[in-house]
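To keep things clear, I will list the structure first and then write my remarks on it.
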Amino acid sequence: MSTVPVEYFLVVAAALFVVGSVGFLLRRNLLVLLMSIELMLNSVNLTLVAYNRLRPINHDGQNLAFFVIAVAAAEAAVGLAIVLAFFRVRKTIHSDEANLLKN
Amino acid sequence: MEALHKQFPNEDFALIAIVLLLPLIGAFVNGVFGKRLGKDAVRLMALSAIGGSFLASALTFVMLATQHGEGKLSWLAWRWMGVTGRMGQTIPVDVKFSVDAMTATMMLVVTGVGFLIHLYSSEYMRKDPGYHRFFSYLNLFCFSMLVLITADNLPVLFVGWEGVGMCSYLLIGFWFTEEKNAKAGKKAFVVNRIGDFGLIVAMCLLFYYVGSVHWDGIEKNANALLTPIKIWPIGNLSKETLPAFLATILIPDKPVQVYGATLVALALFLGCAGKSAQIPLYVWLPDAMAGPTPVSALIHAATMVTAGVYLVARLHFVFILSPAAMAVVAVTGVCTALLAASIGLFQHDLKKVLAYSTVSQLGFMFIGVGVGAFAGGFFHVFTHAFFKACLFLGAGSVIHAMHARIHDTDKSQDMRNMGGLKRFMPLTRYTFLASCFAIAGLPLTAGFWSKDEILWSAFSVKITPPMALGGMTPFEWPSWLGQAIFWAAVLAATMTSFYMFRAYFMTFHGNFRGWKIVKGWKDPHAGHDDHHGHHEETGPLEGPEPRESPAAMTAPLVILAAFALFAGFLYAHPIHVEPLGHLLEGVFDDAKRVVGERPGVEDMMWPMMGAGFAAFLVGTAAAMWVYLNKAGAPERAFAARMPGLYRLIYDKWRIDELYDATVVGMVDALADIFTMADRWLVDGVLARLTAALAALIGTLLRAVQNGRVQVYAASMLLGLAGVGWFLAAPHAEVVVDDTEVRQSGQIKLSAAPGYGYSFHWDGLGQADSKLSERSDVTVRLEPGEKKDVTVKVKNAFGLETSKTVSVSRPALPPGMKPPEQPKVPSMVRPDIPTGEIPGDEIHKLLLPKGAQ
Amino acid sequence: MKPFDLIFFGLCTLLVLLGGVGTVAAKNPIRGAMGLLMSIVGIAGMYLQLSAEFLAAVQIIVYAGAVVVLFLFVIMLLGPQATTAAGTAGTKPSRYFGAGVFLLLTLGAMSLVWRTRSEIAAIPKPPANLGTIEGIGRELFTTHVVPFELSGALLLVAVVGAIAVARGKQADPTRDEPARKPLDKGPELRAAVTGTGDGHSPHVKEAG
């Protein structure tokens, strides 16, 4: 149905992954960290679906992406709960403040 | 007697075990349980141990004597080890003990005199809190000494050697709470150690050259020692390896060679010099007087110090092969005798006088064995044990009495505080006098016979050098050497009698000077006192007047004095009353082929004895005149006129200080260097460097473990990037299968596959391009041919890499044909048979040969 | 290629990448969540192009409709503290480092594709049921039924866990003794609980 080469999608996914990782590494805001994780998961999904389109023997790629979405949702929920608990204790969501185990 | 012989046959003479084990058990019991047992039980244990040992030794002696001293009683305890020798043979080293005539005599001396000294010290040390410890050590010493003299081989002797060294250390430093005593013990041990090095070297040389270390084996193979050994230049030194100017000085034209016998003998003599206090290792013996007097009597007079003489006599078959070594021994002996005698002339401490006397007499013994009179030297050991032990015990008796009065160790031994003791201690005086006569050489006393035997042997000896082998000229004794030794020894004998009688007169005659020590003490016996009320010392020292010692102390004195006077007749060679000599003949017989008499001296024996007698007379008379008649005034005048010389001799020629400055100073400097190296290098650099390195690595690693999630994520990404790079890059690996290369020359090369890989091979030598795109190719090689094959790998991303392998086929050995190539069936026209052929068989005819 | 496909693809790419950069770079987390939404929608568009219609729908419903909303809830719960202080996006050099890395890797990915552009094969024609509910459903409930059920359990566990973590210590009359005060979290916490009085505090006012 689409004639865009699948490899283009791979490049976009790679770029999105990089954006997500750079954001994860550089931002200190816990919420932004979680959102960066979501971006990375999305990029992986895109790659999976693209490959599935390339070899549509079965729906493995799309099924896996499906499960990834489910797990990502669960993980986002729990992660946000942790952010809330953290906020309650430390009064901030700056990730550098999560250093009680340091030294 | 027969029953005894049957019970203890010569080869399995278990009595030796009894002789050895009794003192050991005594040492163990006294050492471990002594404190609990109490003084009486300790005394009983110790005395019975050594007494039992003496009885067993006496029995051994009798059993040996009934065989006319020919046999040898031996007892094997166990096999210790086997050493691989030069020719690959196994040299057995067994814990084996054997008794021959010399050993039996020595055993009697050790256990007998040991018993008397045990008896003496049971009274002498009565008030000492370390009573049990003392007897434990004393018994242990006797055990070690017995091991030494009954050992059948050199390693076991070395065990005993070390054992007596250790016991000597323990006993010298018996009162170790005082530093002086501890230092004396240490000094004895360390100086002995230097000698032990020589003994070990000798053992190794014997292992190597003779291939045996037990006495019989060495005796049999002693001639193996007559191999010349190059001692200079050593190792790699030669004219080629050194620069020219050094080579002319250091490398002689002919290498310096000595016989192995000389090396062994000199190494052994180093050990003896350490143990028996000869130059240069005698310095420990005077200091050893810090120990209790019975210790001095037993160890440093009668037994341990004679171990060196025993060793030389035992290994006489090695020594006679080396006149050079014998000369060294004799000359060292006479020099030591002179040196020690000169020091003894001016000493004030009674025990020090006796110590230097011991060193001097040991010198005499070494003169004896050095000139080949092994029996004579050994006999002097025998007699010296008696009179020296008696002298020491007598001195101990005197000191015991003085100590009861003065309570100061140094002052109670100082002869300047003694005098006139003959009134108070008559028994001690007479036994001391008897021993003085013996040591000075009053005719017919033991010392006279033994010393005279040595002097005569030195005068009359002629040593036959061994044959010249291997281009060597062995050392020959100069004709004047024996006589020079004789006259020097006579001089030493004169000095001996002088200082011995000096000691006697200063101690026992005259007025008792010990009153001065005590404030206000009146001498109830003297008519007038010269220094009444003159207080030389500070502080009052109360004490009774000197009294005779109890019987336990005087009985040994009497017995020993009797021996000192009459034991000489056991080997009075000139008058041919020599039962001991007959016994010892069997042991030293083989020395006769080397040691002989100079021509023309047979008639000079009695005149030469006169020289010895004259030495005695001159020395004694001089001592009597100086110390009895003139009360020591000439000595004081000499000290006043030549104070420098007097002080020099009094300070033992400052040899100790010389050693301190040179050897000990060297070792101290070395230790200081090592301390500095330890402090700067090890503690400073190495320790800090290691710590800094660990800290650095820790700091580096800690940066990764800082608890921040993002740092961990970054590390993960780095790893991920690495993996991604690895996966994205193409990899070219070639597996070479050359199992068939020898037969057919075929080598299979396979490139490792990968996702989307395409290959291209080069260098195959084939023009077939289709084949070169596969992942597996086969290369055929001729024998001796080598090819370089390259594979280019391209992966799905279009990235390329390549790898080259070189394959080769080994060349055939000359004369071999390459294996036959399998014949490819050639296309030959099949034989078509003519004639009538059934139709369905025609197709068969067209098949190639072999496939039908 | 049909031009429409390419334009659509370009549009979705813009959405995705701009949304991603916006998420990462925004100071205000609300802006970040909006960026995330943009990115998710873009991804959904791409799924459409890749014959994964069901997945596109699921993406919108779950991701955009649930996850992003959850994010927004939490941001609003946290209130003004959700915005971290200035200068939080790493130090200046690390920001440039990050940008550089992004650039590098993107260029690397593009170059890899560029090098093999001659070998880009035509996309094979997909089977008719690729990406349809029927196609996915058939596989999901036969081949992948175990992971399917397990993911259900996973979601249950996640829900329980989220509640447990986010709830905090509550005064429980059946657990503690009536006379005992609940564990004191410290005066500051009490102040926070009573202080941020925008009414969205999940805590029950502590007794005593």
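First the proteins, then the strands, lettered A, B, ... as listed; each starts at 1. Hydrogens, waters and symmetry mates are skipped; everything else that's a heavy atom, side chains included, is used. Keep in mind the model is a prediction, meaning the values are calculated, not measured.
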What distance do A:L64 atom CG and A:Y51 atom OH have between them, rounded to the nearest 0.5 Å?
14.0 Å
When rounded to the nearest 0.5 angstrom, what distance separates SG in C:C12 from CG in C:L48?
7.5 Å
With a 4.5 Å cut-off on heavy-atom pairs, point out which of [options] contacts chain A the most.
options: C:L70, C:I136, C:T143, C:I163; answer: C:I136
options: C:S151, C:A66, C:P147, C:S39; answer: C:P147
options: C:L104, C:L107, C:V58, C:I40; answer: C:V58
options: C:L36, C:V159, C:V21; answer: C:L36
options: C:A25, C:P127, C:G131, C:G32; answer: C:G131

Using the benzene-type ring in the case of Trp, are the ring centres of C:Y47 and C:F54 under 6.0 Å apart?
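Ring-ring flag for C:Y47/C:F54: false, centres at least 6.0 Å apart.
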Against chain C, work out which of A:I69, A:D60, A:V78 has the most heavy-atom pairs shorter than 4.5 Å and name it.
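Ranked by contacts with chain C, first place is A:I69.
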If you count heavy-atom pairs under 4.5 Å between each of A:I57, A:L80, A:L84 and chain C, which one has the most?
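The candidate making the most pairs under 4.5 Å is A:L80.
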Counting only heavy atoms not in C:R138 (residues, nucleotides, ligands), do more than 12 fall under 6.0 Å from its CZ?
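It does not: C:R138 CZ has 12 such atoms or fewer within range.
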Using modelled atom types only, decide if a donor and an acceptor are shared between the side chain of [X] and the backbone of [Y] within a distance under 3.5 Å.
X: C:T132; Y: C:A128; answer: no
X: C:Q59; Y: A:F66; answer: no
X: C:E139; Y: A:N58; answer: no

So which part of [X] gets closer than 4.5 Å to some heavy atom of chain A, the side chain, the backbone, both or neither?
X: C:V62; answer: side chain
X: C:A164; answer: neither
X: C:F9; answer: side chain

Option passing side chain to side chain contact (heavy atoms under 4.5 Å, CB included) with C:M34 (candidates C:L72, C:N28, C:T23)
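Among the candidates, only C:L72 passes.
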Does any backbone or side-chain atom of [X] lie under 4.5 Å from a heavy atom of chain C? Answer side chain, backbone, both or neither.
X: A:L10; value: neither
X: A:V32; value: side chain
X: A:L25; value: neither
X: A:A14; value: side chain

Any A:N45 side-chain heavy atom under 4.5 Å of C:I43 side chain
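Of all side-chain heavy-atom pairs linking C:I43 with A:N45, none is under 4.5 Å.
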